Every structure is written in C-alpha cells, then in structure tokens.
Amino acid sequence: MSGLRTSPIPARAAPPRVGGALAWVRRELFGSWVSALTTLALLAWALWALPGALDWLLWRAVWHNDAQACQAARGVGACWGVITEKHRLILFGRYPLEEQWRPLLATGLLLALVIASGMRRFWTRWLVIAWVLVWAVVFALMGGGVAGLSPVPTERWGGLPLTLMLTTLSIVLACPLAVLLALGRRSRMPAIRALCTVFIELVRGVPLISVLFMASFLFPLFLPVGATPDVLVRVLLGIALFASAYLAETVRAGLQSVPQGQLEAAHSIGLGWWQTQRLVVLPQALGAVVPGLMNSFISIFKDSSLITIVSLYELTGSLGLALSGDPEWRPFMVEGYLFITAIYFVVCAAMSRYSLWVEQRHARGQAR
Amino acid sequence: MSAERPAAPIPARPAPPRPRAGWSWHHPATRARIWQLLALLGIAALLGWLIHNTQSNMAARGIQSGWDFLGQTAGFDIGEQPIAYESSDSYWRAFAVGLLNTLRVALAGIVLCTLLGALVGIGRFSRNLPVRALCRGYVELFRNVPLLVQLLVWYLLLVEYLPDTTEAWSWGGAVFLSKSGLVLPFAQHGADGWHWSRPVLEGFSIEGGAALSPEFLAVLAGLTFYTAAFVAEVVRAGILAVPRGQIEAAQSIALSRWQTLRLVTGPQALRVMAPALTNQYLNLTKNSSLAVAVGYPDLVSIANTSLNQTGRALECIAIVMAVYLTLSLATALLMGGLDRRDRARQAP
C-alpha cells in the first residue's frame with residue numbers, strides 16, 4: 001500500500017522555554033505589545049525622574065543643621081538638617097529638654113514589651129507580670145515624682161512616646177470590652193442584644209473626631225462636680241470606647257465562624273455558658289480573625305494622630321509644634337513630614353507583616 | 001406461633017413533666033430575665049447619673065443650654081459657601097453651609113476614589129510586572145500613613161509649592177492652578193440660557209469659572225488617595241472571589257482578558273464588593289471630618305467654631321453626631337434595600 005510510512009515522523013519542535021531569566025523577562029515585561037510599551041514608558045519615566053529624586057533626597061541634600069545652607073539648597077536638595085536640629089522636639093514634644101532620656105527610655109521599654117508580646121516563646125504568665133511592671137516603670141519615668149525624678153505634668157508629654165502609650169493602652173482597654181460587646185450582640189437575651197447592637201452601631205456611625213471632642217469638652221460635665229480627670233485619660237477613654245465598637249464587629253465575625261457543633265460538644269460535656277465561651281469558642285474565634293484585629297490595631301495607631309485636633313501633641317502635633325513657630329526652619333516642613341511619615345510607615349508595615357505571619361501559622365494549624 | 005393481639009391498647013405514656021413554673025434560679029429563662037433586668041437597670045442608672053452630673057455641672061459653672069442659639073446671629077465668616085451666607089445669618093444657616101460643604105467634598109471624593117481604586121485594584125492583576133509592583137507600592141504607601149498626615153502634606157504642597165495667582169499654571173487658557181486653588185470652566189445658567197463661564201486672568205486675580213479652594217483640594221486629594229488604596233484592596237478581593245472556573249470558561253470561548261473582566265469577572269466581583277465598598281464610602285464621609293485640620297469649613301469645623309463662640313458644647317457635638325449617624329443609617333438602609341432587590345432578582 002502506498003499510504004504506508006517507511007520513515008519515522010520527525011520530532012516536533014521544542015515548546016517555547018517557560019523557565020529561565022530570558023523567559024521570565026519576556027513573560028513579565030514584554031508579554032504583549034501593550035505590555036512592552038508600558039514597560040518602556042515606565043522605564044523612560046524612571047530614568048527621567050530617578051536622578052532628580054536621588055539628587056534631592058541624597059546627593060545634594062543638606063545633612064547638618066545649617067539653616068543658611070538649607071536655604072541655599074532649596075529646590076535642588078532636601079534639608080535633612082531640620083531633623084538633625086529638631087528631632088528631639090519632634091520625637092518628644094514639649095517634654096523638658098534635659099529630662100528627655102526618660103521618654104526615650106520609656107519608648108524603648110514599651111517597644112520591647114510590645115515586640116516580646118508578639119513572640120510565641122514569651123507567652124507565659126511572666127508576660128502578664130512584665131506588662132504590669134513595664135507600665136509602672138513607664139508611668140514613673142514619664143510622670144516623675146518618684147525615685148528622685150522631677151515631676152512632669154501630662155500636658156508636657158508628647159511625641160512618639162505619647163503615640164505609643166495611647167495606642168497600646170487603648171487597645172488593651174478596648175479588647176475585653178469588644179469581646180463582651182460581641183458576645184452580647186450574639187446573645188439570646190433580647191435586651192442585652194439590643195443594648196450591645198445600639199452601642200456598636202451608634203459608635204460606628206460617628207467620626208472619631210466627634211468622640212474626641214466629646215472626650216475633651218463633655219466628659220468633664222458627665223462626671224461629679226469637681227472631678228476633672230486628666231485630658232489624656234479622657235482622650236484615652238474616648239479612643240478605647242470608639243475602638244471597642246470596631247473590634248467588637250471583628251470579634252463577632254470570628255464568633256460566627258465557630259461551627260455550631262463545637263457549642264453542642266461543649267454543652268454535652270457539661271460546660272456552662274461562660275466556660276464554653278472561654279475554653280471553646282473564643283480561642284477559635286479570635287484565632288480566625290487575627291488579620292482583622294491587626295487591621296483594627298493599625299487603624300488605632302494611625303487614628304491616634306487625630307488627638308492633635310484636640311491640642312495634644314503626639315507625633316503629628318509635635319512636628320507642627322516644632323516647626324511652625326520657628327521662621328528659620330519653617331520652610332522645611334516637607335522634610336519633617338517625610339520623617340514622621342517614615343516612622344508611621346515602618347510601624348504600620350511591621351504590624352501588617354506580623355499579621356501575615358500569624359495568619360500563615362494559623363493556616364498551618366488548621367490544615368489536616 | 002401466632003401473634004396475639006393485645007386485648008387492650010397500650011396505655012399512653014404519662015405527659016412529660018411541665019417545665020417548672022414559678023421563679024426558680026435553676027431555670028435558664030428566669031436567669032435570662034434577671035440578667036436582662038439587671039443590665040437595663042444598670043444602664044438606666046448610669047444614664048441617670050450622667051444626666052444628673054451634667055445638670056449639676058452646668059448649674060455650677062453657669063453654662064446655658066438649649067437650642068435657642070441656632071436662631072441667633074452666627075457672626076463669623078465662612079470661606080466657602082455652596083448656598084448664600086453672610087456673617088449676619090443664623091447659626092442654623094451656618095450649620096447648613098457646613099453640611100453642604102461636607103457632602104460636596106465627600107461626594108467628589110467617592111467618585112474619584114472609586115475610579116482610582118478600581119484602576120489600581122485591576123492593575124494588581126496586570127501581566128506586566130512593573131505595573132503590578134507600582135499598584136502594590138501605591139496601596140502599601142497610602143494605606144500605612146495616617147490620613148491626617150497626608151491631608152496636611154497635600155495642603156502644604158498646595159499652598160507652598162504652587163505658583164502665585166499671577167503666574168498660575170494654565171492649561172489651554174481654560175484651567176488655572178495656583179496657590180489660590182484650581183479654577184475650571186463652568187456651565188452657568190444666565191438670562192440668555194446656558195453658557196460657559198471661562199476663567200480669565202485679570203490683574204491679580206482670576207475672574208469667572210468655578211473656583212476650588214486649596215483647602216477643598218487638599219481635603220479632596222487626601223480623601224481620594226487614602227480611600228483609593230482601600231478601594232483597590234476591595235476590588236482585588238472581589239476579583240479574587242470569582243471562581244477560577246469562570247475565568248477558564250471565558251478563556252475557552254476565546255474572550256480576551258479585557259472582555260473577561262468586563263463581561264464575566266467584573267459583574268460577579270461587583271456583587272461581592274458592594275458591602276465592602278459601601279463601608280469605604282461611609283469611612284470616607286466620616287473621614288471628611290478631618291477637614292477641620294486644614295481649615296476647610298465642613299460640618300465639624302463649623303460646629304467647632306460655634307462651640308467656641310457659644311459654649312454650647314453638648315448641642316454642637318450632638319448636631320455633628322446626629323448628622324453623621326443619619327448619613328450612615330440612611331446609606332445602610334439604602335444598600336440593604338438594593339441588596340434585597342438584587343437577591344430577589346437572582347432567585348430562580
């Protein structure tokens with residue numbers, strides 16, 4: 001038969017390479033005409049903008065605190081000298097200059113405490129003792145009046161330590177309240193459910209600023225005549241109440257994710273309601289919503305900047321305080337903002353990295 | 001063996017014991033009632049205590065209260081007035097101006113942040129690596145810096161680094177940008193019907209057109225760029241929530257990537273995104289209260305001025321909270337209604 005082949009069919013050509021650097025470049029940068037044009041346009045833009053940006057940021061910037069040199073370099077180089085000159089005012093606000101080792105030490109202790117609390121190996125009962133001790137030391141350092149430290153009134157506290165203190169304390173106060181609110185909103189008792197729902201929705205419906213105005217103007221009216229707690233305490237309470245409503249909704253999402261069978265199992269071995277919640281439901285619920293909780297913590301940290309508006313000088317406020325009154329350095333406000341932006345960014349980014357890490361650990365624990 | 005029929009029916013089982021009537025502590029329903037009663041009494045006592053304290057404090061400090069001040073002359077000027085307002089007008093009207101300013105910046109912000117957020121969110125799925133990296137960098141940067149800092153930076157850039165009015169940047173002689181703000185051509189309704197009011201640089205000022213103040217622009221830019229980062233994440237999550245099979249099905253009928261997004265992924269993602277997007281819009285509206293930091297006369301800033309002038313802290317703060325609550329609840333109801341309609345339409 002003539003249709004019969006007598007020689008082997010030649011091999012097909014190798015498929016296009018999918019691995020290797022060249023293939024990667026082709027796929028990621030020049031996948032299509034549009035992609036190639038975009039890459040080229042972005043490359044051209046980077047080549048045009050980068051040298052100028054680097055010049056301004058680094059090469060032609062003034063690093064020492066010389067206002068004349070800064071003026072001369074205006075427009076071509078950044079004036080990092082403003083940070084050299086003013087960093088103590090920006091970081092510690094109006095805290096007395098010669099005593100600034102105290103807020104510095106307090107900031108260090110607080111950061112160490114928070115970082116240690118995030119590490120699994122420290123999750124023992126010693127951590128609770130450490131929290132109590134560190135806070136006692138922080139308050140002693142900031143306030144003075146003990147161990148030969150000169151007293152410093154709270155209205156002179158400011159800058160980074162104030163931001164950190166407000167954030168951590170309001171989170172610590174808000175969390176238990178949030179858990180109670182979330183449990184209450186899912187309670188079978190209609191009156192409790194209604195109270196918790198109304199509180200949560202009322203607080204979530206108003207902006208934080210209005211709560212801060214309330215803390216600063218109205219809280220003194222709400223308390224018995226003559227009792228005027230410190231403005232920091234009032235603002236702290238305001239932020240904690242505000243945050244608890246948002247955290248409660250996150251916790252509630254976690255509670256909803258716990259399967260009904262877990263509750264029935266707890267019931268069948270004779271656990272009471274509180275025992276069930278504490279031993280069975282909450283550990284699972286809170287573990288499931290760590291990313292959400294972390295997001296709320298990041299928000300609280302960022303929102304602490306709002307207390308500037310009620311005239312407390314945390315990091316954002318103390319920058320304004322440090323620069324706006326000084327005509328010599330006032331023109332270099334942008335550099336100051338870049339400085340505090342970097343601080344906020346690093347802390348927030350670290351928190352969201354940590355949240356990712358916890359989430360991955362949790363996922364590993366859930367995997368079967 | 002044949003089954004024997006029972007001579008008489010089996011007697012009925014006795015009725016189960018009735019749940020114990022009366023007020024036993026061991027009965028869950030009783031305990032629930034007692035708890036609720038205690039909670040209500042506790043809250044009532046707390047509120048009563050607060051009201052009592054407030055009244056005695058106000059009496060002790062001679063603070064006046066009441067809503068009569070709303071009718072009095074406000075006596076302060078407002079930089080931006082969507083409706084006519086003079087300093088001789090009442091507080092009432094001042095609050096209305098503040099509310100309109102809040103709504104003006106919030107609505108513009110919602111539109112712009114949706115556009116930018118959608119662009120960045122879709123950009124994170126680009127096949128082009130630099131585009132993906134750029135979009136991701138945008139989200140990381142703008143999400144991790146407090147909105148207040150961003151607002152202050154925008155304001156600083158607008159009022160310090162833009163040229164003076166006389167040397168305003170101009171595009172085609174129609175749009176002017178300078179320290180005193182942005183001026184756009186504006187369709188005006190006059191005696192002779194609709195006509196364009198084009199801005200013209202005359203001497204030291206720009207006449208005609210619609211002027212947007214640097215305060216408005218700073219608040220708008222801050223809200224837009226900040227919220228767009230969150231909207232981008234919502235868009236990304238929405239697109240990721242569409243089942244992979246949908247995209248494969250679209251590929252198998254040879255839809256292009258753009259067609260897939262427009263006809264298959266997009267519509268399904270929108271349904272998932274709606275609640276989260278609403279949340280972002282509400283956040284933006286509430287965040288517009290930060291405008292007080294750059295001196296944009298929004299509701300909070302008007303309330304703040306009125307509070308300082310009249311000392312009626314309770315009333316001014318109550319107005320602000322009531323307005324924002326109404327906005328939030330109205331939006332929630334509206335979105336709830338849309339969601340129900342959508343579900344009813346989806347039902348087979």
Side-chain angles (χ1 to χ4, degrees), chain A residues 27-32 34-36 38-39 42-43 46 184 188-192 195 201-202 204-211 213-214 217-218 220-227 298 301-306 308-309 316 319-320 331 333-334 337-338 340-341 344-349 351-352, chain B residues 32-33 35-37 39-40 43 49-51 53-54 56-61 63 126-132 134 140-141 143-150 152-153 156-157 160-161 282 285-290 292-293 300 303-304 307 313-314 316-317 320-321 324-329 332:
Chain A
R27 190 177 66 239
E28 298 288 344
L29 302 179
F30 301 98
S32 64
V34 183
S35 177
T38 318
T39 305
L42 285 173
L43 195 68
R188 262 179 291 181
M189 297 182 246
I192 306 262
L195 284 177
E201 293 305 329
L202 278 187
R204 276 160 44 94
V206 299
L208 177 57
I209 293 224
S210 61
V211 176
F213 276 134
M214 194 164 119
F217 293 107
L218 296 185
L221 293 182
F222 291 162
L223 294 172
V225 179
I298 295 177
F301 177 70
K302 286 188 295 177
D303 284 346
S304 70
S305 62
L306 295 200
T308 307
I309 293 172
T316 313
L319 174 72
M333 202 80 173
V334 167
Y337 277 123
L338 284 176
I340 62 166
T341 298
Y344 280 116
F345 181 82
V346 167
V347 177
C348 291
M351 282 160 96
S352 67
Chain B
R33 271 190 213 115
W35 278 121
Q36 295 183 69
L37 199 67
L40 286 178
I43 295 290
W49 183 67
L50 292 179
I51 291 170
N53 284 340
T54 309
S56 13
N57 268 309
M58 285 181 144
R61 301 183 195 186
I63 300 174
S126 164
R127 274 188 295 192
N128 183 283
L129 179 74
V131 171
R132 279 204 310 269
L134 212 61
E140 292 289 324
L141 179 64
R143 226 169 37 149
N144 283 336
V145 177
L147 174 59
L148 181 67
V149 175
Q150 296 189 30
L152 293 171
V153 170
L156 184 75
L157 291 180
E160 295 272 338
Y161 290 82
L282 281 177
T285 312
K286 281 182 282 175
N287 282 335
S288 71
S289 58
L290 293 195
V292 65
V300 173
N304 195 23
L307 188 159
L314 203 60
C316 288
I317 294 174
V320 172
M321 288 189 160
Y324 279 105
L325 266 181
T326 315
L327 287 178
S328 295
L329 293 180

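Here is the naming used below: chain letters follow the sequence lines, and residue numbers restart at 1 for every chain. Here the structure is a predicted model, which is why all the values come from computation and not from measurement.
Across all their heavy atoms, P207(A) and S289(B) have their closest contact at CB-OG, 3.4 Å. Here the shortest heavy-atom pairing between L29(A) and P130(B) reads CD2-CD, 3.4 Å.
N144(B) contributes no side-chain N or O that, together with a main-chain N or O of Y344(A), makes up a donor-acceptor pair within less than 3.5 Å. Judged by distance alone, with hydrogens and angles left aside, the side-chain atoms of K302(A) form a donor-acceptor pair with the main-chain N or O of R143(B) at under 3.5 Å. Side chain of K286(B) to main chain of R204(A): a donor-acceptor pair is present (N/O by atom type, distance under 3.5 Å, no hydrogens or angles). With N53(B) contributing its side chain and F222(A) its backbone, the two residues share a donor-acceptor pair below 3.5 Å.
For I192(A), the parts lying near chain B are the backbone and the side chain together; criterion is any non-hydrogen pair under 4.5 Å. Using a 4.5 Å cut-off between heavy atoms, L327(B) makes no contact with chain A at all. Using a 4.5 Å cut-off between heavy atoms, L223(A) contacts chain B through both its backbone and its side chain. At a 4.5 Å heavy-atom cutoff, the contact between P220(A) and chain B is made by backbone and side-chain atoms alike. Both the backbone and the side chain of S305(A) have a heavy atom closer than 4.5 Å to some heavy atom of chain B.
A salt bridge does not link R127(B) with E28(A): every distance from a Lys NZ or Arg NE/NH1/NH2 to an Asp or Glu carboxylate oxygen is 4.0 Å or more.
Among the candidates L156(B), V320(B), L40(B), the residue making the largest number of heavy-atom pairs closer than 4.5 Å to chain A is L156(B). When the candidates I317(B), L141(B), V292(B), L134(B) are compared by the number of heavy-atom contacts under 4.5 Å with chain A, I317(B) comes out ahead. Chain B forms the most heavy-atom pairs under 4.5 Å with one residue out of I340(A), T308(A), V334(A), L319(A), and that residue is V334(A).
Side-chain contact check for N287(B) versus L208(A): every heavy-atom pair is 4.5 Å or farther apart. Side-chain contact between M321(B) and M214(A) is present, with heavy atoms from C-beta onward closer than 4.5 Å. Within the 4.5 Å cutoff, side-chain heavy atoms of W49(B) are placed close to those of P224(A).
In summary, the side chains of N128(B) and T39(A) do present a donor paired with an acceptor at a separation below 3.5 Å, with no hydrogens or angles considered.
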